[in-house]
J.: 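Attaching a single structure in structure tokens format; questions to follow.
We name chains A, B, ... by the order of the sequence lines, and we start the count at 1 in each one. The shown structure was predicted, so the numbers you read here are calculated from the model rather than taken from an experiment.
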Amino acid sequence: MASHGVPRVAETAQRTEAQRLEEERQIREYRDLEELISAKIAERQYTLEVLELTSKLLKKNPEYYTIWNVRRRLLIYGLFSKPSDSSSHLTASPNSSLTDTTKASSENSSSSTITTSGASTTTPQNPAFPNRGRNGTTLDLIRGDLEFLFPIMVKYPKCYWLWNYRLWLLQEANESLESDIARELWNRELILVGKMLVKDSRNFHGWGYRRKVVSELESPKLGGRSMVESEFEYTTKMIHGDKGLSNFSAWHRRSKLIPRLLDERNASDETRRQFLDDEFELIISAMYTDSYPYQQSAWFYYQFLMTTLTDYVGHGSITPNFTPEDRAEYVTRQLVILKDMLDGAEDCKWIYNALIDYTMALCRMEERKPDLDERQDCATWLAELRKLDPDRSGRWDDLEKSLRD
Amino acid sequence: MSLVSGPGRAGGNALPDELQLVIEPHVKYIQSLDTRKDELEYWLTEHLRLNGLYWGLNALHLLNRPDALPRKETIDFVLSCQADNGGFGAAPGHDAHLLYTASAVQILAMVDGIGELEKRGKEGGAMAVGKYIADLQNRETGTFAGDEWGEEDTRFICCAFVGLSLLKLLNLVDLDKAVDYIVSCANFDGGYGVAPGAESHSGQIFACCAALTIARRLDKVDKDKLGMWLSERQVEGGGLNGRPEKLEDVCYSWWVSSSLSMIGRLHWIDGGKLSRFILNCQDPENGGLADRPGDMVDVFHTNFGLAGLALLEFDGLEEVDAAYCMPKKVVERVLGPEYYNYS
Amino acid sequence: MESLSDTKWDVLISGTGLQNSLLALALSRSGKKILHVDENVYYGGAEAAFSLQEVDEWLEKIQGDISSKPFRNASLWKAEASDGTAGLSFSRAYTLTLSPQIIYSRSKLLSNLVSSKVYRQLEFQAVGNWWIYDGETEASLRRLPNGREDISQDKSIDNRAKRSLMKFLKFVVNYENLTETWEPHADSGLAGFLSRKFQLSPSLQSVISALTLSFEPSDQIPVKWALPRIARHLTSIGVFGPGFGAVVPKWGGAAEISQVACRAGAVGGGVYVLGTGIKTSETVTEDGEQLSKVELSNGENVKTRRIVGKNTGHDLANLKSVSKIIAVVSSPLTSLFQSSIEGSPLAAVSVLVFPSKSLPEGTAQPNPVYIMVHSSETGECPSNQCVLYATTLKSDNSKAVLEAALSALLKSTEDDEGKLLYSLYYEQEQQASYASLDLAFNDEILQAVEDQWKTIMADDNGTLEGSFMQFEDREGMNNDDDDGDEGF
């Protein structure tokens, strides 16, 4: 977006004449470059020279999505099909040994990589060179492009188009290259996205990209196997890492991996129960530790665990064979833990909120009305909530109504 | 129309105790945007030109100044962005994309110019636009790609539904499948992410709620859970953030509060505090709003800040539709009074 | 080259310890003519770093001079070369530093090294894991929690204690604004304060006290002295990367900074003469200006406007002394260097703390012992070995205490099969201030340098021009946590 978090600059006078001229020069340079590319593309000059021109422009402005599209067309309708020597100077990596070991793909594919039926009118429908997919050239180009992208991504880690383009490039590798070579490229992406997430552990582009990279690496076409164990381990590391307890992205990912993890482990009921106990221990310890100042992330993950006990839809995820009694017993135990937690943290609204929610949930599970004690407790907790969190008083009003019903 | 940031800065001078909405400076600010062609940033943001026009125009409509931009030039510019395939790009010569196609249709709806598509648009008129959008639906999963290159994101379902519904062409797509897809993106916290498995994010929640609203399928939302998660986006200073443990930002004044509104839970946050936060993001002299007090203003935040205020029924602003982010008047004119009478 | 006596020097500095070297650098960058001499034949003074051969020469000098300062009572032990196991390597394979110090990320020293561009010639390494010794538990070395996430995971702390600990940590990083909590207890002992105000258990009191690097036992550390040091520790973690809060310069720590500063000082026009001290000086008047006429120990006479000598004239009664052992061990002690956090670099230095009275029965241990374990990554020893720097307050049995701590350390890392190869014992007396003994670089030293610099600059110019070491931010050093920008 145009200006997120751009701090106010000191009050400056009007631009000087020199500054104005300089800006004018920059605009002219930028627009000339734009026009040059446009003219070359109109002539269908799908050459390395034009590719370099797009690189120049995209370094200035990585948000310029149309130019990324121009780059895609340059590659798939032109450069991927050129003889390999033409790409040699583009290869950023001095190590070209992989190139030598690859064989020309037997596939002579002219099928479109376009995944939807829409087609751009600016895209020629018949590639000039149908023999695209010669491993050497294509691999060099893809590797060169991946390396070209990296520093721009580090600089603009939240630019949608960059992540998209990168993903597209790797999917091209799947189409055009031997699967072991493509797999190697995807493997490097896992390392790369790990680095990006060390820099910013909440970047949702990064987490989304990680999900996609992992699912590619798991896919049969790349000879993959499930990575659910290592990914689960990764979330553990992230949670234990810097600011990890408040890293809702990591907690979220964990919640999504657990059902698959247990299925793939063929976990017995006993193992699943133990697993749930361990997760509760982990999160309760986090709730205690993360309570100053009171953060939300741990509480949302706690909500996830509780959901697997209280919500009909959540039952399947960790302990599908729990009886209603088992679930009620667990919820009851958690209520005791929460009450205990209150001692010394009387100013923590999350505890009151959870106490009310799960007391009511327990009643629902046991298909009964709250008893007098429970009603009184809830009323007391609600009064605390109103005091501690007046901003959400409308929510407490609704909660009060629901307690009355 | 540009969305170059600045020149104004939010809260530049101390606002009076009683915070006021400075209507005239905002109007002037938006009107001035297209006169800044001597700034490099004007050109570096060309890829957002059509969005920028929608943001500026919508802000003007909410400020009750719908005629502050010339209608004919507006329509001319929109049509000049249409590609041969029926979709719209960000600016003339830019590739078509759903993000801009939705903006184009919204702008035309606001200036009562959808009819111009038939007359002066690419061959096929509104249907060509509808087909462009419909062709982007993934018929297996129900979701939408943003353009021919196939990137999928729940935002695009929203764009598709907004565009198609205003063109009255929703019948071109498989609504049920798209709804199922949205449901598959729901998380335990009640929110939605960019794709199944992705973390809940207020922007995506808005997109999913808006799509479900247009499809009349809000019954699919766990409103209490989502409402709780959304209401916790309000931070101490009154502003809203997009995800847990993040900074507040004026644009979330819209994404979060419109979602709360769509699920009937807008009263779960402190509207007064939110209004004050938004007003503090104004540049009271030169107009425009920024993401946070003290930052540079731009037209994106100007629109979503004003839309947030409008949703809170702030005095002097037009009523806004939570799903379309357009004046209710416009939506009613295009879709007919029955749209709001539906229950 | 001109002879030294042809020049009228602005400042003659004697001694190339860290403080003097930084001063020389700052002055030479401010256009002063500096003559920097050192009676030693090496740079670094009390912060010098030595090869084994140089240690032998130094030892001989110390042992031959009963009044030597600040070092005394030095003795050396070497393992017998026997049974074919790898012993000591050649002399130059080692760089043993007399005053090893860690530098916290938030120390002004680092920003000064950056702004003065000196950092470009230095390579910094992470000080990672901190360990606390607890003779009573089975696994006698316990890793100190490195922040919130570590505390959460630590199964030896129960949940309530975790919360108490977090309350304290939240307090301490903001202690300057929370004076009402601590000022009434400013001079009380830290341990009691932690117990009374935050209900921390004795074991957590030791953990917190360890972070102060105090030479005194935890009940004698004044609260007002401890809080800034604890805050410094906590707020430094993560500044340069995940999982660590302090660094050391490669190739010999502070000695390396001294040398690099001297080199930069020389580039800035300073002249350096080693093996030369000040013999006599007298005040003379020349062209109406008061100058010092100095005879150097090499026989040359020089004239200077000002002399910055070695530190003299301090209150002898309050002098602190510490006992130190520099040991070389025949193992990389890998179990002490763990990377537990995603993305954190492997540390080159580990810090081990033995709280007072923690060593096994039989060793009276009145004061805490600190051992800084330097891996071969520091460039101070060959790979597969480690250098251990042990320090404790000097007492009647401090040598025995240090030896007991070293052997306890080797015992608790038995899997690593480390054997002692080399052990250099010595005692070190504080110089101008306690800061000279501090195990973490003490910003007071920098303040002292800045004060000296200001005095000299102001005297000469009437007004102060330019700024000390030119503070400026380095790109990437600021936290970039502003992530509202996830536009739609």
J.: Does any backbone or side-chain atom of A:Asp391 lie under 4.5 Å from a heavy atom of chain B? Answer side chain, backbone, both or neither.
T.: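 Answer is both: backbone and side chain atoms of A:Asp391 are under 4.5 Å from chain B.
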
J.: Would the number of heavy atoms belonging to other residues, nucleotides or ligands and lying under 6.0 Å from CD of A:Glu17 be above 12?
T.: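 Yes, enclosed.
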
J.: Is B:Ala186 in contact with chain A via its backbone, its side chain, both, or neither, using a 4.5 Å heavy-atom distance?
T.: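 Contact with chain A is through the backbone of B:Ala186 alone.
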
J.: Considering only heavy atoms, which portion of A:Asp398 lies under 4.5 Å from any heavy atom of chain B: side chain, backbone, both, or neither?
T.: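 Interface part for A:Asp398: side chain.
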
J.: Using non-hydrogen atoms only, which part of A:Ser255 is less than 4.5 Å away from chain B: side chain, backbone, both, or neither?
T.: side chain

J.: Measure A:Tyr30 against the heavy atoms of chain B and call it side chain, backbone, both or neither at under 4.5 Å.
T.: side chain

J.: Could you look at A:Arg253 and say if it's the side chain, the backbone, both or neither that has a heavy atom under 4.5 Å from chain B?
T.: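 No part of A:Arg253 comes within 4.5 Å of chain B.
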
J.: Side chain, backbone, both or neither: which part of A:Trp161 has a non-hydrogen atom closer than 4.5 Å to chain B?
T.: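 Just the side chain, heavy atoms under 4.5 Å.
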
J.: Is it possible for you to check whether A:Arg72 lies under 6.0 Å from the centre of the six-membered ring of A:Trp168, through NZ or CZ, and within 45° of that ring's axis?
T.: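 Positive - A:Arg72 is close enough to the ring of A:Trp168 and near enough to its axis.
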
J.: Ring of A:Trp68, cation from A:Arg71 - is the NZ or CZ under 6.0 Å from the centre and inside 45° of the axis?
T.: no

J.: Heavy-atom distance under 4.5 Å to chain B: side chain of A:Glu34, backbone, both or neither?
T.: side chain

J.: Please check if atom NZ in B:Lys273 has more than 12 non-hydrogen atoms from other residues, nucleotides or ligands closer than 6.0 Å.
T.: yes

